[in-house]
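If you read the sequence from its start, that first residue is 1, and numbering goes on from there.
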Amino acid sequence: MRVVEVFRGEAVRLAEVLVGLTEPEFARPTRCPPWNVRELAAHVSTGAGRLVGMLAEPAPPRAEVDAAAYFGPAKFTPETDTARVDMARQEGAGFGSGRELAEDFAQTWRAAYAASLAAPPGRLVRTRHGDPMTLEEFLVTRVVELGVHGLDLAAALDREPWLTGPTGELIAGLLTRAAGPAAVGLAEQLRWDRLTLVAKATGRQPLTDPERAEIDRRGVRWLAFG
């Protein structure tokens, strides 16, 4: 499945959840403090919407960053984290209601999807951080944002995760490839399915002592998604 269709599938799931939430549910705290559900949803929506603006800009001459390199240490410096947190809080507060935010997200992801479909094959983009990437690799990062923060939102709402199968496969594959040979066969050994791999590797589920011991023994280092 093309990554743009994986993006669409996960965005549809999230949009369906958001439009059905009550205002008290939008105010629930998340495990991404200090964000509540409304602010975390605003963060995800903004990230998805960046595609439209990026595709309206001239393409860089070459790609230098892939999806794994995009999630490098520079994205998680204290200054960058502070700016990211503040922006989402401001954007979340800018909507008159959670319902308004949900409707805006529905429009945002559709516009991003349409712009991506209209882009020529091999289109290059430059991220707001200055990373020159292929559109396809940047779309992978948007799927990661939708999927991993979808787990955060599900936890805040006391719901079962709605992660789609293609999204779980994409994120699990990215995590395993980025971790290198040390991670080969780890999920099978620990009997993790894709959802468990994504949740454990991103800190959304705690590791058991035996799991941590095996990961340390192998020297596995996971990507940091925040």
Criterion salt bridge (charged side-chain N to carboxylate O under 4.0 Å, His left out) on Glu5 and Arg2, from CA distance to verdict: CA-CA 5 Å; Glu5 297 302 334; Arg2 292 177 60 196; 5.2 Å; no
- Message: Set out, in order, the CA-CA distance, both residues' side-chain angles and the distance that settles side chain to side chain contact (heavy atoms under 4.5 Å, CB included) for Val140 and Phe7, then state yes or no.
- Response: CA-CA 8 Å; Val140 170; Phe7 169 83; over 6 Å; no
* Derivation and outcome, side chain to side chain contact (heavy atoms under 4.5 Å, CB included), residues Thr176 and Leu197 -> CA-CA 9 Å; Thr176 302; Leu197 170 59; 3.9 Å; yes
Margin query: As a quick check of understanding, evaluate side chain to side chain contact (heavy atoms under 4.5 Å, CB included) for Gln205 and Trp192, giving each step before the final call.
Written below: CA-CA 12 Å; Gln205 283 186 23; Trp192 289 351; over 6 Å; no
Item to complete: Could you walk me through whether Arg123 and Val125 pass the side chain to side chain contact (heavy atoms under 4.5 Å, CB included) test, one step at a time?
Response: CA-CA 7 Å; Arg123 175 66 154 92; Val125 296; 4.1 Å; yes
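For Arg99 (side chain) and Val19 (main-chain N/O), a donor-acceptor pair under 3.5 Å exists by modelled atom type. Although no hydrogens or angles enter the test, the distance criterion places no donor-acceptor pair under 3.5 Å between the side chain of Arg38 and the main chain of Ala27. A donor-acceptor contact shorter than 3.5 Å links the side chain of Arg218 to the backbone of Val184. Judged by distance alone, the side chain of Thr202 and the main-chain N or O of Val198 form a donor-acceptor pair under 3.5 Å. For Trp35 (side chain) and Val85 (main-chain N/O), a donor-acceptor pair under 3.5 Å exists by modelled atom type. Using a distance-only test at 3.5 Å, with no hydrogens or angles considered, no donor-acceptor pair links the side chain of Thr167 to the main chain of Leu163.
Taking the side chain as every heavy atom from C-beta outward, His43 and His149 approach each other to under 4.5 Å. Under the 4.5 Å side-chain criterion, counting only non-hydrogen atoms from C-beta, Asp158 is in contact with Arg28. You'll find the side chain of Met133 stays beyond 4.5 Å of the side chain of Leu124, heavy atoms only. The side-chain heavy atoms of Val12 and Trp109, taken from C-beta on, include a pair separated by under 4.5 Å. Between Asp66 and Glu136, every side-chain heavy-atom pair lies at or beyond the 4.5 Å cut-off. With a 4.5 Å cut-off on side-chain heavy atoms, Leu51 and Leu135 count as touching. Using a 4.5 Å cut-off on side-chain heavy atoms (C-beta onward), Asp131 and Phe138 make no contact. Between Gln189 and Glu214 the shortest side-chain heavy-atom distance falls below 4.5 Å.
Atom CG of Asn36 sits about 7.0 Å away from atom OG1 of Thr30, to the nearest 0.5 Å. The distance from atom OG of Ser116 to atom CG of Leu139, rounded to the nearest 0.5 Å, is 4.5 Å. To the nearest 0.5 Å, atoms CH2 (Trp222) and CZ (Phe71) are separated by 15.0 Å. The line from CG of Leu174 to OH of Tyr70 is 12.5 Å long, rounded to the nearest 0.5 Å. Distance CG/Asp86 to CD/Glu91: 11.0 Å, rounded to 0.5 Å. Here the CG-CG distance, from Leu151 to Leu195, works out to 6.0 Å after rounding to the nearest 0.5 Å.
The side-chain hydrogen bond (donor to acceptor under 3.5 Å, both in side chains) search around Arg212 returns none, not counting sequence neighbours. Residues forming a salt bridge (charged side-chain N to carboxylate O under 4.0 Å, His left out) with Arg159 (at least two apart in sequence, or on another chain): Glu25.
Contact detail for Phe105 and Ala15: the closest heavy-atom pair is CE2-N, 3.7 Å. Residues Val37 and Ala156 come closest through the heavy atom pair CG2-CB, 3.8 Å. The heavy-atom pair separating Ala11 from Leu146 by the smallest distance is N-CD1, 4.0 Å. The two residues Pro161 and Ala154 have their closest heavy-atom pair at CA-CB, 4.0 Å. Nearest heavy atoms, Leu223 versus Ala68: CD2-O, 3.7 Å. Between Ala201 and Leu175, the shortest heavy-atom distance links the atoms CB-CD1, 3.9 Å.
Counting heavy-atom neighbours within 6.0 Å of Glu23 CD, excluding the residue itself, gives a total above 12. Atom CG of Asp216 has more than 12 neighbouring heavy atoms from other residues, nucleotides or ligands inside a 6.0 Å radius.
Between Arg204 and Asp152 there is a salt bridge, since a side-chain N of the basic residue sits under 4.0 Å from a carboxylate O of the acidic one. One finds a salt bridge joining Arg62 and Glu64 here, because a Lys/Arg side-chain nitrogen approaches an Asp/Glu carboxylate oxygen to under 4.0 Å. Under the 4.0 Å criterion applied to side-chain N and carboxylate O atoms, Lys200 and Glu211 are assigned as salt-bridge partners. Salt bridge Arg13/Glu10: absent, no basic N to carboxylate O contact under 4.0 Å.
Under the 4.5 Å side-chain heavy-atom criterion for grouping Ile, Leu, Val, Met, Phe, Trp and Tyr, Leu101 is not connected to Val52 through any hydrophobic cluster. Cluster membership check: Val4 shares its hydrophobic cluster with Val44, using side-chain heavy-atom separations under 4.5 Å among Ile, Leu, Val, Met, Phe, Trp and Tyr.
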